[in-house]
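Worksheet for the structure shown next.
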2 protein chains.
Amino acid sequence: MGGSQIRRNMPLFSIGIVMQLTDLTARQIRYYEEHGLISPARTEGNKRLFSLNDIDKLLEVKDLIDQGVNLAGIKQIFNVKQHNDVAPNDEDNKDAEKVRKDLSDAELRKLLRKELLRAGRFHRNSGPGDRSRFH
Amino acid sequence: MGGSQIRRNMPLFSIGIVMQLTDLTARQIRYYEEHGLISPARTEGNKRLFSLNDIDKLLEVKDLIDQGVNLAGIKQIFNVKQHNDVAPNDEDNKDAEKVRKDLSDAELRKLLRKELLRAGRFHRNSGPGDRSRFH
DNA sequence: AAAACCATGTCAGATTATCTTACATTTCAT
DNA sequence: ATGAAATGTAAGATAATCTGACATGGTTTT
């Protein structure tokens, strides 16, 4: 009943907050941005501003990384998700779909197979995830 | 499906964002805090961090101010709301209720009548509220 | 009408948070 | 052993925020 619906892609959060929410370091977050996994907005003074969607993505990145997927793999996985997210609207999506497919489909299968095979071995460093967010 | 429930009183927002969301100036927000209408958390470095509840409250403050209610009135109104918010849990609330009532009930009626009478005259400066939040 | 008050604006100086760039380190793949 | 990928870390710069003080325009109160 209080006025605040706050859309999911509204730029709201500073990097410090996102660090706490995701348990990622600033370095990691910036690195993932550098590689196009997220594209946070900026303030007039060039500070990053993250949306809820950005945070969700970062949490997915973290999960996948914990499972041994590398950034290239995550990039492709995000591409696939983009396909399926436009789901129940079937008629004129096929064009956009095909475009993205051409770019990724071939190597996608290869990459996914490759990555997901070794997933679960090694890696998985960050322990039982509940470390101290918000002291 | 994306991981982010974000509780309503989790300290998340910088004052800059809150300014945009509420259309209040930093001065106003700090002044309202100074008078106990909100109590935002702080970072280790003393920066204010606001929760969704803080923002809701600020929006209510803004509304009431636009209607000519002064801070003293808003304070009392918030007190009343606190009563009614613990509603459907009737049995052992009566104690806390009575305490707060003793402090505010008498002058509350007086104040509310007084304030709400002249509400709507003068004041009402901030125009049809949609000015430029997020450039 | 003068004095006091309320709510806000504004300025100044200090401090924190974040930015970019560059180099170091670690781990894994070839 | 070499190289690439992912992250750590340090330095210097800039932006955002903080507190405190004083200024200002209305509103009561005396």
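Per chain, numbering begins at 1; letters A, B, ... match sequence-line order.
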When the distance from [atom1] of [X] to [atom2] of [N] is rounded to whole Å, what number comes out?
{"X": "A:Leu49", "N": "C:dC19", "atom1": "CG", "atom2": "P", "value": "9 Å"}
{"X": "B:Ile74", "N": "C:dA7", "atom1": "CD1", "atom2": "P", "value": "8 Å"}
{"X": "A:Lys47", "N": "D:dT14", "atom1": "NZ", "atom2": "P", "value": "10 Å"}
{"X": "B:Tyr31", "N": "C:dT8", "atom1": "OH", "atom2": "C1'", "value": "8 Å"}
{"X": "A:Arg27", "N": "D:dA5", "atom1": "CZ", "atom2": "C1'", "value": "11 Å"}
{"X": "A:Phe13", "N": "D:dA16", "atom1": "CZ", "atom2": "P", "value": "18 Å"}
{"X": "A:Ile65", "N": "C:dT27", "atom1": "CD1", "atom2": "P", "value": "16 Å"}
{"X": "B:Ile29", "N": "D:dA16", "atom1": "CD1", "atom2": "P", "value": "15 Å"}

Below 4.0 angstrom from OP1 or OP2 of [N], is there any side-chain N or O of [X]?
{"X": "A:Ser14", "N": "C:dT18", "result": "yes"}
{"X": "B:Thr43", "N": "C:dA17", "result": "yes"}
{"X": "B:Asn46", "N": "C:dT15", "result": "no"}
{"X": "A:Thr25", "N": "D:dG8", "result": "yes"}

Does the side chain of B:Leu59 come within less than 4.5 Å of B:Ile55's, by heavy atoms?
yes
Could you pick out which residue, B:Ala26 or B:Gly45, lies toward the 5' side of DNA chain C when each is mapped onto its nearest nucleotide?
B:Ala26
Charged N to carboxylate O below 4.0 Å: is that the case for A:Asp56 and A:Arg8?
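Salt bridge between A:Asp56 and A:Arg8, a charged N being under 4.0 Å from a carboxylate O: yes.
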Answer yes or no: is there an ion pair linking B:Glu33 with B:Arg42, defined by an N-O contact shorter than 4.0 Å?
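Yes, B:Glu33 and B:Arg42 are salt-bridged.
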Once you apply a heavy-atom cut-off of 4.0 Å, does B:Arg48 come out as touching a base, just sugar-phosphate, or nothing?
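If one applies the 4.0 Å heavy-atom cut-off, B:Arg48 turns out to touch the sugar-phosphate alone, with no base involved.
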If the helix axis at each end comes from five base pairs, how far does the helix from C:dA1-D:dT30 to C:dT30-D:dA1 deviate from straight, to 10°?
20°
